[in-house]
Amino acid sequence: MAHVVPGVPGTRFPKHYAMSKWNEDHLRFEADAYELEVIGSIPSDIHGVFYRVQPDHAFPPIFAETEIPLNGDGNVSSFTIKDGHVDFKQRYVRTPKLIAEREARRALFGRYRNKFTDDPRVQNVLKGTTANTHVVFHDNKLMALKEDARPMELDPITLKTLGYIDYHGTMRAPTHTAHPKADSATGELVSYSYEAAGEATPDICSFTVDKDGKLSEEVWFKAPWPCMIHDFWATDNWVVFPINGLKASLEQMKAGGDHFYWDENLDYQLLGVIPRRGAKPEDAKWFKTPQGCYSHTINAYEEDGKLVLDANVWTDVHFPFFPNTKGERFFTDPRKVKAPILRYRFDPTASTDKMIHPEGVLVDGVNEFGRIDDRLLGKKYSRVWILKIDPTHPIKLNDHEDAVGNVGFNTLVCFNFDTGDLQSYRHADDTTFQEPVFVPRHEGADPEDGYILVVADRYREGRNVVLLFEASDITKGPLAEIKLPFKLMDGLHGSWVDGKDVDAARAASEARRANGTNGVPKN
Ligand SMILES: C=Cc1ccc(O)c(OC)c1
Ligand SMILES: [Fe+2]
């Protein structure tokens, strides 16, 4: 710089590891964009809101070189669709972390889920949760979720943060998975807490929230070791927890390190099975399954007394930025790590002495961010819409440059488990996808009859679009391309919420506001 005047140091974002080339930016804006441009047309019967969340670091991290992408602040977007029109809104979740850091105009919280690395001003006073993983709607409430804390409630219309949710005072556990499962038949939300007895403890609290938002089932038990339990399966009668080798360590945290490490010596994984209703701690059973790394599930159901569990299962650790037992990071060749879709089928009442093997590889390669018609969660279903990395089609970053190594999720796939039919769709040579979501065609539509919405990253233009597909045939290409006038980050998860439910939530929220019973963020 030629001319420097005395002053405070400028705010700079050092580069840190990102999951995609797209996410090497920090965007950090909040926005309202009315009447997005639509190429093609949106069927007039679609009425509702697509909510999704992106981790989006609001301040340069304290430990920049080893910062991990899971630690960005939750920035929630909504796409409101009605009568063929689309409006966009985006707001950061006002977590205690975001509020304190905006006040200080710098990062105060240290490493991902390690309070021992937090600034003394906030250490043990505030929790550094980021609400950055999923947005789920239940009991007229929109919740932004992160697995290290309780849900934060957002106003479904304004996206204003309303405070922590404790299910009307009935929740005891301190954390809440970002992947609860709604049961469309009962209106229940099946959920759990891990590290439920404190940081790095093996304790799981498996619980159910009834349709009125109160806990109706709760059981506490211990897993064989503490690890990242990011997602799970729930059927009509059973709940299943995947136990992987991404282990939590209090010693490592106290030494200023990461929350998790990868145990590269572990040559198996576990499935922990417990009844969904009336369970006692001693009912938990642990089945061995082959080596790999569980992360997201797809769906599960019961058939002929057996559990059917589907997931894309990583063949090795899927988060290369965590250290292994030797303290090494990025120790695996990412091109050798796959995530095939597998199906396990076993009797949950059988003895646990034999290893459970999957039925075979249903879809090979790297598959992630699978979604189904959410009305079929826990029930017999046929189809998953999922993203795939097709390494034979490197992404064009611009007219001169291909993405090197990290090709990204360049393919949208629909797999039919009943027929084995596999559809694939690529949008353009510069386009990667974010997690899809299923939209029922109308209230009461047949199972899997509807649309698919997918946010797409368009590298050449440096902006995002949302693509709308007929769910039954994605190969025909989108019915509509909804253009944003700017770029978003790669997000994690989201939900489609029917317009009627959004209207009901608005009414409930206005009533609570009139009563003065809306919460404010506490610790
Ligand atoms: C598998 C995804 C995943 C797991 C743990 C996280 O804290 C997270 O934050 C965005 C994402
Ligand atoms: Fe997730």
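Remember, it's a predicted structure, so these values are computed and weren't measured experimentally. Ligands are counted one by one from 1 in listed order, and the atoms in each one are counted from 1 as well.
With atom 3 (C) of ligand 1 as the reference point, the heavy atom nearest to it among His230, Met19, Glu368 is part of His230. Residue nearest to atom 11 (C) of ligand 1, selected from Asp148, Leu246, Leu70: Leu70 (by heavy-atom distance).
For Phe88, the ring-ring contact (aromatic ring centres under 6.0 Å, His included) partners two or more places apart in sequence, or in a different chain, are Phe79, Phe486.
Ring planes of Tyr381 and Tyr301: perpendicular class, angle over 60° (limits at 30 and 60°). Between Tyr294 and Trp233, the ring planes are perpendicular. Angles over 60° get that label, and only those under 30° would be called parallel. Ring-plane geometry between Phe369 and Phe409 is classed as perpendicular, the angle between the planes exceeding 60 degrees on a 0 to 90 degree scale with a lower cut at 30.
In summary, Arg343 and Asp310 engage in a salt bridge, as defined by a charged side-chain N under 4.0 Å from a carboxylate O.
Between NE2 of His179 and NE2 of His296, the angle at the Fe ion (ligand 2) works out to 100°, rounded to 10 degrees.
Not a single N/O/S atom of His134, whether from backbone or side chain, sits less than 2.8 Å from the Fe ion (ligand 2).
Rounded to the nearest 0.5 Å, atoms CD (Glu199) and NZ (Lys254) are 11.0 Å apart.
Interface atoms of ligand 1 facing Ser295, defined by a heavy-atom separation under 4.0 Å, are 1 (C). Listed by atom number, the atoms of ligand 1 under 4.0 Å from Thr133 heavy atoms are 8 (C), 9 (O), 10 (C).
Closest to atom 9 (O) of ligand 1 among all protein heavy atoms lies Lys146 NZ, 2.8 Å. Scanning the protein for heavy atoms near atom 10 (C) of ligand 1, the closest one is Asn132 OD1, 3.2 Å. Scanning all protein heavy atoms for the shortest distance to atom 6 (C) of ligand 1 gives Tyr112 OH, 3.3 Å.
Put simply, the residue from Asn114, Asn132, Thr130 that forms a side-chain contact (heavy atoms from CB on, under 4.5 Å) with Asn71 is Thr130.
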